[in-house]
Amino acid sequence: MATKSKAPNRSGSQAAQRGERGRNPQGGNRPQQPPAKARSQPRGEESPAAIAAPPKEVVVTEAITVRDLATLMQRSPIDLIKILMQYGIMAPITHTIDHDTAVILGEELGVAVLWPPKTAEELQESASTEPAPPQLPRQRSFIQERMAGQSAHRMMDRPPVVAVLGHVDHGKTTLLDRIRHTNVAAGEAGGITQRTGAYQVTVQGKRISFLDTPGHEAFTAMRARGAQVTDIVVLVVAADDGVMPQTKEAISHARAANVPIIVAINKIDKANANPQRVMEELAKEGLQPETWGGDTIMVELSALTNRGIDDLLDNILVLAEVEQYKADPKGDCVGTVIEGELDKLRGVTATLLVQNGTLHRGDTLVAGKTWGRIKAMFDYEGKPVKEAGPSTPTVVLGLQEVPTAGDVFEVVENDRLARQITETRKLASASIVVDGRRSMSLEDFFKRFEGGEAKTLNLIVRADMQGTLEPIIKSLNDLSNDEVELKILQASIGDVSESDIMLAEASDAVVIGFSVGVDKSAQVRADNSGVEIRRYDIIYKMLEDIQDAMKGMLEPIYKENVVGHATVLQLFKLRKGFVAGCMVNDGLVKRGALARALRGNEVIVADARVETLRRFTEDVAEVRQGYECGINLSQGDELLHEGDVIELRERVRVR
């Protein structure tokens, strides 16, 4: 099934019937009618006529966007995107499809997709050509096969949780405020009575939860405490300013969290706006726009004039539908603390984001190192509520102490269990303060990655200039192999910053600095958190150290070396087994050494170990050449005879 990169120009009676309302940020044409009529309805609602009488057939030209086809069929674009996904086509709502694809979508939705009536010239031309064989039956069976394997028993859909990141002054706050006010204007009762760390909006009858965080530092601080809260990151980039240092940092932090990114190219209303240049700069950072054949959704908008806000929200819903975020409302209730503060009037308050289960008023919960019974719950507008389901932000009262943002909370059975858990955590925290945090260094990577799990060495690289950074990145990438992956989370110019240390904390990374300094705040945080900062002035020394660390992460290879021989002089019977009285001929005998017994060239006992070693009546650790000793083997000692030779070996790691 073919798709086309861009739609052909609409003209003639077809274009006259549709009209044009303007171009969306990704180049697709949006029809004037009937969307203008549909837009008069409140957000999330459909007109009674659309619900009662969907069309039985629609007319489609050679190409059409998903959004336009959904409008003609009076269906949600998400319904069409679901079907396209069965073909392996990850299509946004602005994606252009050909007529054959539209026919297949119509078959699935019960709508006949027809060509426009042909003119006399076209009828005469088509009569002289033989029609191509239809491809519809084969493609339809493919869809049915893909749909047949899906399970009917699934957890329920939950709203996506979105964090807005970006460079300072690029319009994050304005965008968040515009989205909040858009929600109120769409018919939400009441207004924003308080500013919380999270809130919800309703789009096309579906909810989206937004995190109102100061920036990527707070975003990463939550991950450093073990909280993976965000599902989608909206990266705000100003069209008149382009990609800036904090933009690059935000991209690195979002990638380290392994969450999809939607780019909001803001301020396109400005005279010097250049969205094309922004896309080029983002492409250099690895974010390829969908319009260029990449997989990153980019929406052009103006938070000041409200242009493109609907497109951004629609794309968030589409991405959420593709990712299929789910939770169990009846399961164990867990979530994350978004904010915590001590209110002069209400006492300890905490903004919580429920991630699984349902939180009820009266529940006892543990949040980090504090606990409490919920006395009251409020939604983000300050209205009292009795419960909060998955992906729902809520403000609660009743905790004993102010929790820390990023702490994970869980509902427990009773107050006694909650007290026990918090006391245990406080004791564990005190021991960590005494013993120091787990070190994140090159020397410790083997210990931390052994055990059969996938091995990845995460690095954050800082260099003094771009000409130095590029060969460093290339050389480091060349060190990766089949057993150990070297992953560069962030590479940039300038001194090591506190943001680098925060990213290293959350990702178990080592910071590499080449001919750069370290900010004082970064050094203090690294010392407190155990993050290692390696500084180099010679590139070969840096590569050698990292290569040695990666070798340490490989599966170790051992070699057995012979360390000594002992001849059996006499055997002594014990209650369990025998002790061989021996003379050490050469080398030495060690307790715990590997051993095998030889009779001439024949191996009598193999894969044994020296279990006990004695000199007269005393247990000893080793006996050297020329001395007698008593050797008790872990197995096969009953097979020994006088004159047999016990060969002692030790395993030495060679890699």
Side-chain angles (χ1 to χ4, degrees), residues 90 92 160-168 170-173 175-176 179 197-198 208-238 241-266 278-279 281-290 294-299 301 312-313 315-316 318-320 322-323 325 336 338 353 355 391 405-406 456 458-462 473 487-492 497-509 511:
M90 311 304 289
V161 181
V162 181
V164 180
L165 308 180
H167 190 73
V168 65
H170 276 203
K172 299 189 300 293
T173 303
L175 176 61
L176 288 167
I179 291 173
I208 303 174
S209 297
F210 283 89
L211 294 184
D212 192 357
T213 58
H216 60 261
E217 290 87 355
F219 171 82
T220 305
M222 289 186 179
R223 288 205 312 115
R225 297 186 184 97
Q228 185 69 29
V229 182
T230 307
D231 299 317
I232 299 171
V233 164
V234 172
L235 178 68
V236 180
V237 186
D241 205 8
V243 174
M244 302 298 287
Q246 282 188 330
T247 310
K248 297 178 181 179
E249 289 183 2
I251 293 172
S252 300
H253 288 242
R255 280 178 174 159
N258 196 27
V259 294
I261 299 174
I262 296 178
V263 177
I265 303 178
N266 193 21
V278 173
M279 291 184 183
E281 293 176 351
L282 289 171
K284 293 179 181 178
E285 300 300 322
L287 298 180
Q288 292 290 339
E290 281 187 331
D295 55 4
T296 303
I297 300 172
M298 296 193 182
V299 181
L301 56 86
L312 175 64
L313 298 176
N315 276 287
I316 291 174
V318 169
L319 184 56
V322 171
E323 297 291 338
Y325 302 116
T336 302
I338 304 301
L353 181 70
Q355 294 175 268
S391 295
T456 303
N458 293 327
L459 296 179
I460 296 168
V461 182
R462 284 278 190 172
I473 294 174
K487 188 174 182 180
I488 300 177
L489 301 181
Q490 181 170 287
S492 53
S497 65
E498 189 174 6
S499 176
D500 298 329
I501 307 304
M502 294 177 64
L503 180 57
E505 288 177 18
S507 309
D508 285 351
V511 179

Checklist entry - With sequence neighbours excluded, what pairs up with D231 under the salt bridge (Lys or Arg N to Asp or Glu O under 4.0 Å) test? => result R158
Next on the checklist: Show the nearest heavy-atom pair for residues I473 and A491, with the distance to one decimal.
Outcome noted: CD1-CB, 3.4 Å
Checklist entry - About how many Å separate CE of M502 and OG of S497, when rounded to the nearest 0.5 Å? => result 10.0 Å
Checklist entry - Closest approach of V243 and K248, non-hydrogen atoms and distance? => result CG1-CG, 3.8 Å
Checklist entry - In chain order, what residues pass the side-chain contact (heavy atoms from CB on, under 4.5 Å) check against V278, with sequence neighbours excluded? => result V237, I265, L282
Checklist entry - Is there a side-chain contact between V233 and H253 (heavy atoms, below 4.5 Å)? => result no
Checklist entry - Under the side-chain contact (heavy atoms from CB on, under 4.5 Å) criterion, do L489 and S252 qualify, and how do the steps go? => result CA-CA 6 Å; L489 301 181; S252 300; 5.7 Å; no
Next on the checklist: Tell me if a side-chain donor or acceptor on K172 pairs with a main-chain N or O of V164 at a distance below 3.5 Å.
Outcome noted: no
Checklist entry - Which pair of heavy atoms, one from E323 and one from P260, lies closest together, and at what distance? => result OE2-CG, 4.4 Å
Checklist entry - How many angstroms lie between atom CD1 of I297 and atom CD1 of I232, to the nearest 0.5 angstrom? => result 8.0 Å
Checklist entry - Considering all heavy atoms of both residues, which atom of G166 and which atom of L235 are nearest to each other, and what is their separation? => result CA-CD1, 4.1 Å
Next on the checklist: As a test of understanding, state which of D241, V236, L312, V299 forms a side chain to side chain contact (heavy atoms under 4.5 Å, CB included) with N266.
Outcome noted: V236
Checklist outcome for this item: Interatomic distance, CD1@I338 vs CG@L353, rounded to 0.5 Å, equals 5.0 Å
Checklist outcome for this item: So the salt bridge (charged side-chain N to carboxylate O under 4.0 Å, His left out) pairs with at least one residue in residues 254-266 (sequence neighbours excluded) are none
Item to check | Atom pair CD1 (I460) and CD1 (I501), whose distance is rounded to the nearest 0.5 Å | outcome: 7.0 Å
Checklist outcome for this item: side-chain contact (heavy atoms from CB on, under 4.5 Å) filter on A320, not counting sequence neighbours, yields P160, Y325
Checklist entry - Are any non-hydrogen side-chain atoms of I179 and I208 less than 4.5 angstrom apart? => result no
Item to check | Spatial distance of atom CD (E290) from atom CE (M279) [nearest 0.5 Å] | outcome: 10.5 Å
Item to check | Point-to-point distance, once rounded to the nearest 0.5 Å, from CG of L319 to CD1 of I262 | outcome: 5.0 Å
Next on the checklist: Can you list everything that forms a side-chain contact (heavy atoms from CB on, under 4.5 Å) with S492? Sequence neighbours excluded, please.
Outcome noted: R462, Q490
Next on the checklist: How close do L287 and M298 get, counting heavy atoms only, and between which atoms?
Outcome noted: O-CE, 3.4 Å
